[in-house]
Amino acid sequence: MEETNKNVLGDCFTSAMALTESGVPHVPTRYILPPSQRPVLSPSIGTGSINLPVIDLSFLHDPLLRPSVIHEIEMACKEFGFFQVTNHGISSSVMRDALDAATRFFDLPSHEKMLLVSDDVHTPVRYGTSINHATDSVHYWRDFIKHYSHPLSKWINLWPSNPPCYKQKVGKYSEATHVLHKQLIEAISESLGLEKSYLQEEIEEGSQVMAVNCYPECPQPGIALGMPPHSDFSSLTILLQSSQGLQIKDKNNNWICVPYIEGALIVQLGDQVEVMSNGIYRSVVHRVTVNKDVNRLSFASLHSLPMNKKISPAPQLVNEDKPAAYGDFSFNDFLEYISRNDLTKQRFIDTVKKNKF
Ligand SMILES: O=C(O)CCC(=O)C(=O)O
Ligand SMILES: [Fe+2]
């Protein structure tokens, strides 16, 4: 065991899964967070008084009831930049199948997954961890596979061919989230007083990156995290989780645990919607805690405008009282930024605000 641990720990690429499998009793030093950044894991923290919004989307398709759903979405976006959705149109079997394919992928022997390893954020399919090897920053207890997912026919052949069901099962889920994203963006545009079709064309040609995350059991969950605080660069992120672990930051800077709701999906506002709304809505800062008992999986489907398309505040939301608060930036600008900087940035969007890109 000693020898195995040494090999795993000495490797320049650290897989959290390999560490868990090797049975390390303590997290290696580089995963230990400074005390001020450690999560409070007591189950009562953050779940007591705050009810996070859960929105039933079935009424979105009823012209009489749609306005009340749009209103719920507006309230949730203003208060949290976050909500969960039920009756979203993606069947539980499609979600279960995607999670099953991901489980099988992460269960593959390390050497097989390593064939897909890359630190280059431009690589269309890559396996890795959330660390930046170029810096001394803290490491996070997560392995992931990330791939471009839209248009599916362009990318699917590059996806993992093991397990053999991966392409079909994850492909189905990806397509379903693409459809759901379109409906959500329409509703969000409407909630801002914009045309339902605002950005629709760009979204149709936009990119979708699927981050499939695996947070293995961690021997010391109180001193490590699965992902550091950050907001997503996307327009929206649609998140499927296998169990609880996500926390979001509220307006008072408190961390709130997101409850696991069977069959529900999580919707998070990303930086692009913050820019488009000229700051009326804010992207949500979130992080991931780990635990001792279960291996947690999540699918974060990050939907964005086309790589080179600059996003800017909607002209209808800019006026003398509320001048444009952001410069224009594209997905490519974001990739450029994160390849040069530590990935533990909290909010890339603050850079866009300050530098106006
Ligand atoms: O695993 C989660 O719940 C969140 C993942 C996430 O934030 C991301 O992939 O950007
Ligand atoms: Fe995220």
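Side chains included, hydrogens not; waters and symmetry mates left out as well; all remaining heavy atoms used. Start at 1 and go down the list; that is how both ligands and their atoms are numbered.
Closest to atom 3 (O) of ligand 1 among all protein heavy atoms lies R296 NH2, 2.8 Å. Ranking the protein heavy atoms by distance from atom 4 (C) of ligand 1 puts V288 CG2, 3.6 Å first. Atom 9 (O) of ligand 1 has N213 ND2, 3.2 Å as its closest protein atom, hydrogens excluded (heavy atom only). Of the protein's non-hydrogen atoms, M227 SD, 3.4 Å is the one closest to atom 6 (C) of ligand 1.
Using a 4.0 Å cut-off between charged nitrogen and carboxylate oxygen, E202 and K309 count as a salt-bridge pair. Comment: R66 engages E190 in a salt bridge, judged by a side-chain N to carboxylate O separation of less than 4.0 angstrom. A salt bridge links K310 with D333: the distance from a Lys NZ or Arg NE/NH1/NH2 to an Asp or Glu carboxylate oxygen falls below 4.0 Å. The pair K172-D97 does not count as a salt bridge, with every side-chain nitrogen at least 4.0 angstrom from each carboxylate oxygen.
For an aromatic pair to be called close, the ring centres must be under 6.0 Å apart, and Y148 with W155 satisfies this.
Between the side chains of Q241 and S298, not a single donor N or O lies within less than 3.5 Å of an accepting N or O. Inspection of the H71 and S191 side chains reveals no N or O donor paired with an N or O acceptor under 3.5 Å.
Within ligand 1, counting atoms from 1 as listed, the ones closer than 4.0 Å to a heavy atom of Y215 are 1 (O), 2 (C), 4 (C), 5 (C). Close approach to S298 involves these atoms of ligand 1, each under 4.0 Å from a residue heavy atom: 1 (O), 2 (C). Residue A300 has at least one heavy-atom neighbour below 4.0 Å for each of these atoms of ligand 1: 8 (C), 9 (O). If you number the atoms of ligand 1 from 1 as listed, the ones under 4.0 Å from a heavy atom of H286 come out as 7 (O).
When you scan the N, O or S atoms of D232 for the one nearest the Fe ion (ligand 2), you land on OD1. When the N, O or S atoms of H286 are ranked by distance to the Fe ion (ligand 2), NE2 comes first.
Residue contacts with ligand 1 for D232 involve side-chain atoms from C-beta outward but no N, CA, C or O (heavy atoms, distance under 4.0 Å). Only side-chain heavy atoms of L239 come within less than 4.0 Å of ligand 1; its backbone N, CA, C and O stay farther off.
Around CD of E195, the count of heavy atoms belonging to other residues, nucleotides or ligands within 6.0 Å does not exceed 12. Within 6.0 Å of atom OH in Y260, more than 12 heavy atoms from other residues, nucleotides or ligands are found, so the atom counts as buried in its surroundings.
Using a 4.0 Å heavy-atom cutoff, F144 is absent from the residues neighbouring ligand 1. Residue contact annotation: Q241 has no non-hydrogen atom under 4.0 Å from ligand 1.
In this structure, H178 and H303 have tilted ring planes: the angle between them lies in the 30° to 60° band.
Checked by distance only, ligand 1 and Q268 stay at 3.5 Å or farther apart across all their nitrogen or oxygen atoms.
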